[in-house]
Every structure is written in structure tokens, then in C-alpha cells.
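Working notes, beginning with the structure itself.
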Amino acid sequence: MATGDDLLKRIISHSKEYGFVFPSSEIYDGLSATYDYGQYGAELKKNIREYWWKSMVQLNDNIVGIDAAIFMHPTTWKASGHVDAFNDPLIDNKDSKKRYRADVLLEDYMEKIRIQKIQKEVTKAESRFGENFDKEMFVKTNPRVVGYQEKIDEVSSKMRDLLASDNLGGLKKLIEELGIVCPISGTSNWTDVRQFNLMFSTELGSTTDDASKIYLRPETCQGIFVNFLNVQKTGRMKIPFGIAQTGKAFRNEIVARQFIFRMREFEQMEMQFFVKPGEEMAWYEYWKESRMKWHNALGMGEENYRIHDHIKLAHYANAACDIEFDFPMGFKELEGIHSRTDFDLKSHEEASGKKLQYFDPVENKNYIPYVIETSIGLDRMFLAVLSSSLCEEKLEDGSERTVLRIPAPLAPVKCAILPLLKKDGLPEKGTEILNELRYDFNLQYDEKDAIGKRYRRQDAIGTPYCVTVDHQTLEDNTVTLRERDSMTQIRVSVSELKSTLNAKTNMNVLLAKL
Ligand code: ATP
């Protein structure tokens, strides 16, 4: 199977060919860093969202969900710090006139070492040692590889320090010291690094004065903070409690690459958990563990996840980490977990002049709760699912198949009903089974082409089961049930189908593991 850039290209082309993700407004040549989800993509996305929502709202007595507006009062973004500080460090190449994010140039530099140096050594050693090759050991002990890794770590730590201290001059100096050149012009003729605000703005109503300028939300959590008391009071919530929300967020990201990993319009799934000050560290650890459990229940490989603890913290946080996933581009942030103290509620209290405090009946006093936030990008999760599930396999008979091993409860289509022939009453029997099961499962009916070809089509969209209706079905009401991953076929009675499919594809299978 392809890796790295090749794997990403395979995922992009597979997504397009099979109706998962299309470039936005493609007939007009697309719109950069914006994508549309097709018929299967929308289903997969919906299932991931549902898995997240149910795990938060349905499984926790003390978490409720809301759906706040995308447009918010402009002072929200003043209070949150986004108007003044939601910036990216940008640098221009004077020769090509191209603009880059300074931190992304440095990330790319490190990625190049990873792919061009480390991967090359690994591939060389792999072919030298053959079957006995122990990649993990080799990467840990080979002096050349260790040296490259140390260089990456050094650049990464310098970069984080410079970003955390807003040292723009230092970022430029580091880019120059490393000899990083513009990929277009090939020169290192750089401007100074400048800050650029990532929020999209628009006009409210028909006047054009400043007062009517509003923003498209760059994150969903502010809708939760401003509704904190509304929810607490109307839901009679007692601390600790959480508010969850999923929805679109917008960022004018300057670097528009890596498919749906970084988009200008994307979807977040965020939960703010309000706790008593002083208890936040225990809850931070709780949510770290709980979120990893959510990921691991999917069975996409524990080795594909790692936790990156932030050493330098944002001024309002007293602990933070990222859950990183091994995407085709390497380990990158998939989800953030942050202990945000009382920063957000306090800022909104100051900016609005309204009290955002909780009356603790046990302590008999008012206080501003502390907040633990879990924040995951739905689109990034979608890419993680595709990255770990796209497989190209050689079969025993020498043929090949492309299969999406999507965790069954997330699969867009749960089962395909396939009459072996388009005659002899088989389509009618197939339709009867379809109509019986369609209230419980998203199904597909397909009677076109040879059965092998139909199986391949379902493999390519990740359908966990295929039901084949044949002449025997008409006699004894049994069908062939084919499983996607093992390709095993068993004979089952039509009356057992519902329970068999439920046992593997129902969302509860995942939720029960949490
Ligand atoms: P990054 O460092 O990758 O830009 P971030 O730290 O700015 O991400 P957060 O503000 O913490 O991200 O947002 C929470 C989550 O939202 C991220 O973990 C990620 O999954 C998702 N996310 C953020 N920006 C984008 C984007 N432009 N496109 C898709 N998903 C995004």
C-alpha cells in the first residue's frame, strides 16, 4: 500500500471517484481549501458526528448539547481575543511574490528530513535486511537516523518557543539559518514575518459602518461560553457539567493544502466541561483518557495515535495537549484538550457586564467555573478514518481489490442487497428484504453487473456486508452473507439478518466500549 504523499493522493482520488469528497464548485475549477462531501462522504461524516454526540450527550447525565448561531455579537470576538490576536505569522518571498505561513515553512523543512532522509534510510535497510527487518529498533538505534531525528526535534522546539513568545524576528532568522528557500522561486529573499488575522468578516444589514461588521465564527466554543448561564439555569445543571456542540467554523487559513486536513470552512465538535476551580487537573486527566478511549474503540490502531503535551502554554491555559494521528503527512493534531481556567467566562463577564457565575449550593458561594475543553475537527477525523481504512490488496487468485476497512458502525452503507440474477423472481425477493431492513439500516440495492464486480463496488465504499439473493432463497428463505474484510460467505436465514447486522454495524457496538 502507498505511504506518505502517494497515500494522500490515493485518498484524494478515491474520495472523488467514489462520491466521498469533491472539490467545492468544481465546474468552476474549485475554490481553494474548500470541499464538498458527496453521497457517501455525507453519510460517513454524519456517522462520526453521531458517534461523538452520543458518546458525549447520551452517555453522560451531566452533558447537554446545544446549537448556537454561526453569527455572534462582534464583541464576542473582542472578548475572546480573536480580534486582536487570532493571527498567523506570514512571510513573503520577494521574488515569487508568494506568501507562506512561517511555521508551515519550518514544518515542511522537518517533513522533508523525515521523508527524504529518514524514510530513505529505512527503505534502504528494509531491502537489505528483508523479512528480519525491525523498523522500530532501526529507527531508535541507527546513528544517521537518530541524528536526523535530533535535528527535527531541535527545529521543532525552537519553532514552538518562537511562536509562543510571538518572536517574529526570531522566526525569520530561523528560516534563514536553515537555508529554507521558496519552492517556487528557489530563493531565500524573504520579507519580515508579519501577523495576519484569520477571521472572515462580513456586513450585517445594509449599512456599512463599523458597528455592523460581524465575523463568521472561527471556533464553535464561544457559542457555548455565552450560553453558559442560559443552559445552567434552564437545565438546572450542577457543577461539574458539560455543554457540547458540533458545527461549522471558518478560518482564512493561508496555507491551503493537505486536502480536508486544513480547510477554510470546516466542522468542529467541541465540549466545554465546567468544574470547580482547583479540580480542573483531575478532570483534565479524565478527559484525556476518555477521549483516547473514544478513539481506540474504533479499532483504527492504537499505534496511530499519540499524545503531545504542550510545554509552552497559552496565557489562559494551565494544561494542554493534542491527540495526534498518524496521517499520510505524518503525526499531526487531530484533537486538542485544554484546561482553560476561567479565562473565557471572565472575559465575557468583563466585556458584557453580565455576571457569568455559578452558585454552588454545597459551598454556598458564587464563583466562575474553570473549563476543560475537548475540541476535535470532524473533517480531520474523517481523513483519519480514510487514512487508516484505505487498503489495496492482492487476492489469492492473483486479482486485486481496493477496500475501505471503515469501522462498521461508521460505514456509509451498512449492507448491500444483491439479487444474483435479474430474473426468476430474485429482484422481487431482494426488494422484499430491502424493504424489511431499510427502517434499521442504510442499505443499497444493486442488480447490475456480475456479482464479483458488485462486491468490489461495495468494498470500495466500505460496505461491511453484502447479501446475495439466489434461487435457494426462494426455496428456504436463506441468503449468502458476505463479510467485507475477511470476504467469508455464510448462509443465513433472512429472519436472522437484522440481528446479525445489528451485532456488527450498530453504533451501540462502539458506544458499549466506552
Ligand atoms: P492547527 O494547529 O492544525 O492549525 P489549531 O490548534 O489551530 O490547529 P484548534 O483551534 O485547537 O486547532 O481547533 C480544534 C480542532 O479543529 C483541531 O484539533 C483540528 O482538528 C480542527 N481544525 C482546526 N483548524 C482546522 C482547519 N483549518 N481545517 C480543518 N480542521 C481544523
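Note that this is a predicted model, so its numbers are computed, not measured. We count ligands from 1, going down the list as the structure has it; atoms in each ligand are counted the same way.
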* Would you tell me whether Gln222 and His348 have side-chain atoms, one donor and one acceptor, within less than 3.5 Å of each other? => yes

* **Contact atoms of ligand 1, heavy-atom distance to Gly377 under 4.0 Å** => 15 (C), 16 (O), 19 (C), 20 (O), 21 (C)

* Asked: Hey, looking at atom 5 (P) of ligand 1, which of Glu333, His310, Glu219 has the closest heavy atom?
  -> Glu333

* To do: Please state whether Leu334 comes within less than 4.0 angstrom of ligand 1, counting heavy atoms only.
  => yes

* So which of Lys45, Arg380, Lys248 actually passes salt bridge (charged side-chain N to carboxylate O under 4.0 Å, His left out) with Glu267? -> Lys45

* Asked: Quick one: does Glu253 get an N or O within less than 3.5 Å of an N or O on ligand 1?
  -> yes

* To do: Would you confirm whether the ring centroid of Tyr37 sits within less than 6.0 angstrom of the ring centroid of Phe382?
  => yes

* Option of least heavy-atom distance to atom 27 (N) of ligand 1 (set: Arg101, Glu267, Met263) -> Met263

* Take Gln444 and Gln458 through the side-chain hydrogen bond (donor to acceptor under 3.5 Å, both in side chains) test and state the conclusion after the steps. => CA-CA 9 Å; Gln444 207 167 67; Gln458 296 302 327; 2.8 Å; yes

* **Any N or O of Ile376 closer than 3.5 Å to N or O of ligand 1** => no

* Lys513 NZ: over 12 foreign heavy atoms closer than 6.0 Å -> yes

* Does His338, backbone or side chain, put an N or O under 3.5 Å from an N or O of ligand 1? -> no

* Structure fact -> ligand 1 to Arg262, heavy atom cutoff 4.0 Å, flagged ligand atoms 1 (P), 3 (O), 4 (O), 26 (C), 27 (N), 28 (N)

* Flag the pair Tyr316 / His338 as yes when their ring centroid distance falls below 6.0 Å, and as no otherwise. => no

* Indicate the ring-plane relationship of Tyr35 and Phe259, choosing parallel, tilted or perpendicular according to the 30° and 60° boundaries. => perpendicular

* Determine, considering heavy atoms only, which of Gln268, Glu335, Glu265 sits nearest to atom 13 (O) of ligand 1. => Gln268

* Structure fact -> For Ser375, the atoms of ligand 1 under 4.0 Å from one of its heavy atoms are 13 (O), 14 (C), 15 (C), 18 (O)

* ligand 1-proximal atoms of Arg251, by part, heavy-atom distance under 4.0 Å -> side chain

* Between Trp294 and Ser55: side-chain donor-acceptor atoms closer than 3.5 Å -> yes

